[in-house]
Every structure is written in C-alpha cells, then in structure tokens.
Amino acid sequence: MSGGTASILVDCFAQSKKVRASVNVSEFHGSPTFAKHRIQIENTSELLPLVQSTIDLCMGTLVVDEEERNSIFASERRRILGWLHERLQPQFEVPIEVSEGSASHHGKILARFAGVEEPAKFWNRHYTTFHIDHKQNTAELDAGIQVNVWVNLTAKPISDFNLGFLEKAGQIIPGQQLNILKDEDFADVVVRYQPYLTNEHALIFQSTGAMSVIHGCFRFEDAGQLTNEPRHSIEWRFLVRRAQPISS
C-alpha cells in the first residue's frame, strides 16, 4: 500500500512558526523530471561504483580513522560532479556548471539514520520537519542553487521513514511560497514520494532557491502501515549555477 495520510510539521520560516497538518500521501504520478518538478529519480548503476568506499564507511564494512574517512568522503564526492552534470544539463536551456560548493551550513554530505540506534558519531538523525535547506528561498540559477543527491544506502526497499515532497493543486510547492502558506492551505496539500526505494535509484532535487522543493521525512498515521524498518540514507549537496563564459 503506497497511499494513506501523514501528520507533518512544516517550517514556514518567514512566519517564524511551524505548521502541523494531517495530509494525504501518494506516490509520484509517473516519473518526475528536474525540469518540471525540480525532482528526478535516477538509476544509480553508474553512481554507486564512484562512491563505494563512502558507502562501506557508512555501513561499517570499512573502518579508518577520522582524517582518512573525511578524505575519502571529499574525494568520492568530487567524483559525483560529472555524473550529476550529465543528468541535469539536458533539463536546462542554458549551459550549467556543477561545483563542490554548498548553500547549506549543515554540511555537504549527510548520512542519516531512522528507526535504529545511532550507527556512528558522524551520522545524523532523520529530519522530520518539512523544509528547504538553509532557509534559502530566493536564489535563482545565476546566483547558484543547491541540488541534493539522496540515496538509500542498502538494497532493502525503504518501507518506513520515507522522504517526501509537498504538492498542492498538482504542482510541487516551490520554496518561495513558504512565507505565504497558511494553516488552511494544507487542506489540499499532498506528500508525494517514491515507495520502496532501494539503492538502485537516487532522488535528485533542488533544495534551495525560489523553486526549491519542500522536503522531509514522514511516517504514516495508520499504525498498520508502519513497518518500523530502519532507514540508512546519504545525501550529497552541490551548487548548480549558470555556466560563466570563459574569458579569452
């Protein structure tokens, strides 16, 4: 069963408050594209070999000291740049560049856990509040927008603690609307998500800027839909901007 309801908390930061609402949950209709939805589901067959040591470190099958771990995280993150550019460029009408920068002060790589004890000190607990990153909802492509690559770290399908995105009237809600959302607006809001996501697919989504997507971890209200299966995921963050002409 992929539909139901969820009680969610949304950070409407411009109002200095968080809104609690019970909303419907439904899987994506078809495959979202970055050009239209600022969300894309992408096959990871070419991504996972680039970051295998990062995955091994997160899952505890590779153990090194903190300095070497951070070095591996950084070097393998750089390998994703070309992979991401190949998948995003066709979505834009202008040349873009993908850089190692990040708009967020929370880090460029986040391993998150849910439904389980903290795997290690460098892990982060799942974040249940629906939000955009860095509370940044104005930037356009010229200034740079943050794009996240989100992956389930295991081959086991996610059945609880799913990552969802807010939609209203058939459109993914852009971050620039966070400052005008009112309690009554949530009567028609839907959480969209990809059910049973494994490590065979990644979620690519815009997390800062005017057209960022409001995202967060949710659980179904119906206890019968809760599996309590733990979730281990990782998120890489990159800065995407309009490519600058090369000076002669």
Side-chain angles (χ1 to χ4, degrees), residues 1-12 19 21-45 47 84 86-93 114 126-133 137 145-152 155-178 180-181 184-222 224-227 229 231 233 235 240:
M1 186 176 187
S2 59
T5 61
S7 177
I8 64 171
L9 191 66
V10 182
D11 185 0
C12 299
V19 174
S22 178
V23 299
N24 288 324
V25 176
S26 183
E27 62 185 286
F28 288 114
H29 290 316
S31 297
T33 62
F34 197 91
K36 181 177 180 180
H37 306 94
R38 290 92 64 208
I39 306 167
Q40 187 155 316
I41 301 170
E42 193 65 46
N43 185 282
T44 58
S45 60
L47 171 65
L84 183 58
E86 288 178 0
R87 283 143 185 85
L88 287 185
Q89 182 58 77
Q91 310 287 327
F92 290 89
E93 296 179 353
H126 69 292
Y127 193 53
T128 56
T129 301
F130 277 73
H131 64 287
I132 61 172
D133 289 351
N137 72 337
I145 57 173
Q146 184 172 285
V147 173
N148 298 2
V149 178
W150 193 98
V151 178
N152 175 5
K156 190 170 186 176
I158 295 174
S159 60
D160 206 341
F161 308 100
N162 287 279
L163 180 67
F165 305 87
L166 299 190
E167 177 188 282
K168 184 176 175 63
Q171 302 293 322
I172 297 296
I173 303 174
Q176 63 185 350
Q177 291 187 11
L178 271 174
I180 60 173
L181 286 176
E184 56 268 26
D185 292 327
F186 286 88
D188 300 319
V189 166
V190 175
V191 172
R192 293 288 182 191
Y193 80 115
Q194 181 66 20
Y196 310 117
L197 192 70
T198 71
N199 60 0
E200 293 182 355
H201 292 89
L203 288 167
I204 301 172
F205 59 94
Q206 181 178 335
S207 60
T208 69
M211 299 304 292
S212 54
V213 297
I214 305 164
H215 58 284
C217 175
F218 73 91
R219 304 188 75 191
F220 289 104
E221 289 183 300
D222 181 358
Q225 292 180 267
L226 301 178
T227 66
E229 287 290 338
R231 190 200 85 190
S233 61
E235 177 178 273
V240 176

- [ ] Could you check if a side-chain atom of V19 sits within less than 4.5 angstrom of a side-chain atom of L181, using non-hydrogen atoms only?
- [x]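 The answer is no, as the side chains (C-beta and beyond) never meet within the 4.5 Å cut-off.
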Distance from [X] atom [atom1] to [Y] atom [atom2], nearest 0.5 Å?
X	Y	atom1	atom2	value
I173	R38	CD1	CZ	10.0 Å
N162	L197	CG	CG	8.0 Å
H201	S45	NE2	OG	8.5 Å
Q206	F34	CD	CZ	5.0 Å

With [X], which residues qualify under side chain to side chain donor-acceptor pair (under 3.5 Å), at least two apart?
X	value
Q176	none
T227	S159
D160	R219
N152	T154

With [X] via side-chain contact (heavy atoms from CB on, under 4.5 Å) - residues at least two apart:
X	answer
S233	R112, W150, R231
T128	H126
E42	Q40, W83, R87, I204
S7	R20, E221

Shortest non-hydrogen separation from [X] to [Y] and the atoms involved:
X	Y	value
F218	A6	CD1-CB, 4.0 Å
P174	I214	O-CD1, 4.3 Å
L47	A202	CD2-CB, 4.4 Å
I41	P32	CD1-CD, 3.9 Å
V10	F186	CG2-CE2, 3.6 Å
S212	S207	CB-C, 3.5 Å

Open item on the list: Under the rule for ring pair (Phe, Tyr, Trp, His ring centres under 6.0 Å), what residues qualify as partners of F130, not counting sequence neighbours?
Closed with: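 None.
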Report yes or no: does [X] contribute a side-chain atom to a donor-acceptor pair with the main-chain N or O of [Y] at less than 3.5 Å?
X	Y	value
T208	Q146	yes
Q89	Q91	no
Q225	T5	no
H215	I132	no
T129	D11	no

- [ ] Could you check V151, L163, N148, V149 and say which one makes a side chain to side chain contact (heavy atoms under 4.5 Å, CB included) with L203?
- [x]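 Result for side chain to side chain contact (heavy atoms under 4.5 Å, CB included) with L203: L163.
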- [ ] Just jot down the salt bridge (charged side-chain N to carboxylate O under 4.0 Å, His left out) partners of E229, sequence neighbours excluded, or say none.
- [x]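 In terms of salt bridge (charged side-chain N to carboxylate O under 4.0 Å, His left out), with neighbours along the sequence ignored, E229 is linked to K156.
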TODO: Not counting sequence neighbours, which residues clear salt bridge (charged side-chain N to carboxylate O under 4.0 Å, His left out) with K36? List them please.
DONE: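 Applying salt bridge (charged side-chain N to carboxylate O under 4.0 Å, His left out) to K36 gives none.
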- [ ] Measure up the F205 and F165 rings against each other and bin them: parallel (under 30°), tilted (30 to 60°), perpendicular (over 60°).
- [x]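 F205 vs F165 ring planes: perpendicular.
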TODO: Could you name each residue pair satisfying salt bridge (charged side-chain N to carboxylate O under 4.0 Å, His left out) that touches residues 161-178, not counting sequence neighbours?
DONE: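 Sorted pair list: E167-R192, K168-D188.
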Open item on the list: I8 vs L166, test: side-chain contact (heavy atoms from CB on, under 4.5 Å). Steps then yes/no.
Closed with: CA-CA 10 Å; I8 64 171; L166 299 190; 3.7 Å; yes
